[in-house]
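Proteins come first, then strands; the chains are lettered A, B, ... in the order of their sequence lines, and each starts at number 1.
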Protein chains: 2
Amino acid sequence: MTTSEAAVQSLSIGEVAERTGLSVHALRFYEREGLLVGPVQRTSGGRRRYTSFDVEWLLICVKLRESGMPLADLKHFAELVRRGPGNESERLHLLDTHRQRVDAQIQALEECRSVITWKVAVYTEHLARGEAGGLWAPTT
Amino acid sequence: MTTSEAAVQSLSIGEVAERTGLSVHALRFYEREGLLVGPVQRTSGGRRRYTSFDVEWLLICVKLRESGMPLADLKHFAELVRRGPGNESERLHLLDTHRQRVDAQIQALEECRSVITWKVAVYTEHLARGEAGGLWAPTT
DNA sequence: GCTTGATCTAGACCTCGCTCTAGATCATAG
DNA sequence: CTATGATCTAGAGCGAGGTCTAGATCAAGC
């Protein structure tokens with residue numbers, strides 16, 4: 001192992017940034033905002049050491065963020081997990097609510113997609129014909 | 001007709017807001033930002049009158065925004081249309097590029113969805129069993 | 001020891017996309 | 001004529017989600 005000897009499976013902030021796609025700035029920001037389940041461990045010199053647990057959690061965070069979950073909800077989720085067992089149904093509810101939002105988003109995007117596709121087709125056709133006037137008339 | 005007599009098919013800003021889902025503030029903002037194809041007509045008293053053409057354009061804008069097109073791109077698109085015929089391939093390119101982004105977004109969302117679904121299933125199962133410890137262990 | 005690069009903290013700053021305010025004007029119903 | 005409500009302009013403000021800076025410290029290689 002090059003990076004660690006006794007530090008089994010613990011990563012620096014830079015390594016975690018690489019692995020999660022978040023910037024080191026964002027990682028520190030997320031921590032400050034209480035989006036992580038536990039406090040990140042530190043070396044004697046004060047540098048952060050992330051466990052594989054931390055990284056897994058962050059990867060989930062990334063997925064939830066990508067799908068539009070607000071940081072506030074993510075924070076809430078982290079708090080629930082931090083509090084430990086006993087609130088699983090609340091966690092379940094949070095995730096399920098989000099899944100519904102994701103479904104709605106997918107639907108909306110598919111609708112947009114078809115509108116765009118149609119518009120593209122109109123343009124392509126007009127271009128092929130070499131005529132482009134009257135394109136954005138009310139009936140287009 | 002209640003609202004118009006000679007003003008065939010022209011709407012007030014409030015009516016357009018209702019029809020597009022944009023706020024009147026947003027409508028004025030869009031206009032200022034040059035997101036509309038033409039300048040909106042005004043009454044002698046200075047109030048905006050939107051044509052059905054304007055409304056159609058705005059509805060397209062709404063769809064493009066909903067699917068994540070930045071205002072800057074929308075502005076660019078409006079400029080192209082404003083310049084008139086001769087740049088259709090550029091418009092086509094703009095739309096097609098956006099469609100690709102939408103496709104990518106849909107894909108990403110579907111991936112997120114499946115991650116969430118799986119997570120929900122894990123929780124549900126644990127809840128059903130009445131055991132919740134060790135839930136967020138690295139292997140979960 | 002010295003240099004180089006990664007990391008540290010606190011806090012200022014930024015972009016995006018609106019939203020809201022103030023103070024005035026217009027338009028319509030009673 | 002008056003009251004009410006919609007609209008006007010210019011510009012300030014806001015929430016989300018980071019990003020960046022300054023100045024210091026740590027750690028590794030030469």
**Q** Expressed as a whole number of angstroms, how long is the span from B:Ile13:CD1 to C:dA27:C1'?
**A** 16 Å
**Q** Please identify each residue that fulfils side chain to side chain donor-acceptor pair (under 3.5 Å) with B:Thr117, with sequence neighbours left out.
**A** A:Arg99
**Q** Report all interatomic pairs (protein N or O, nucleotide N or O of nucleotides 25-27 of chain D) with separations under 3.5 Å.
**A**
from   : atom 1 : to      : atom 2 : distance (Å)
D:dT25 : O2     : A:Arg47 : NH2    : 2.9
D:dC26 : O4'    : A:Arg47 : NH2    : 3.3

**Q** The criterion is side-chain contact (heavy atoms from CB on, under 4.5 Å); which residues satisfy it with A:Arg47, sequence neighbours excluded?
**A** A:Thr43
**Q** Consider only side-chain N and O atoms of B:His98 and B:Arg101, and report whether a donor and an acceptor are under 3.5 Å apart.
**A** yes
**Q** What integer distance in Å separates B:Leu64:CG from C:dG17:P?
**A** 13 Å
**Q** For the ring pair A:Phe77 and A:Trp57, is the centre-to-centre distance below 6.0 Å?
**A** yes
**Q** Between A:Leu58 and A:Leu27, is there a side-chain heavy-atom distance shorter than 4.5 Å?
**A** yes
**Q** Using a heavy-atom cut-off of under 4.0 Å over every strand shown, decide if B:Arg28 touches base, sugar-phosphate, or nothing.
**A** base
**Q** What donor-acceptor contacts under 3.5 angstrom involve side-chain atoms of residues 28-38 of chain A, with partners at least two apart or in another chain?
**A**
from    : atom 1 : to      : atom 2 : distance (Å)
A:Glu31 : OE1    : A:Arg48 : NE     : 2.6

**Q** To the nearest Å, how far apart are A:Glu33 CD and C:dG11 C1'?
**A** 13 Å
**Q** Walk along nucleotides 15-20 of chain D from 5' to 3' and tag each nucleotide B, S or - by protein heavy-atom contact under 4.0 Å, base first, then sugar-phosphate.
**A** --SBBB
**Q** Quick one: is B:Ser12 getting a side-chain N or O under 4.0 Å of the D:dA6 phosphate, OP1 or OP2?
**A** no
**Q** From CD of A:Gln41 over to C1' of C:dT7, roughly how many Å is that when rounded to an integer?
**A** 17 Å
**Q** Going by atom types alone, do B:Arg83 and B:Asn87 pair a side-chain donor with an acceptor below 3.5 Å?
**A** no
**Q** Does OP1 or OP2 of C:dT9 have a side-chain N or O of A:Arg42 closer than 4.0 Å?
**A** yes
**Q** Residues two or more places apart in sequence or in another chain: which of them pass side-chain contact (heavy atoms from CB on, under 4.5 Å) with A:His93?
**A** A:Thr97
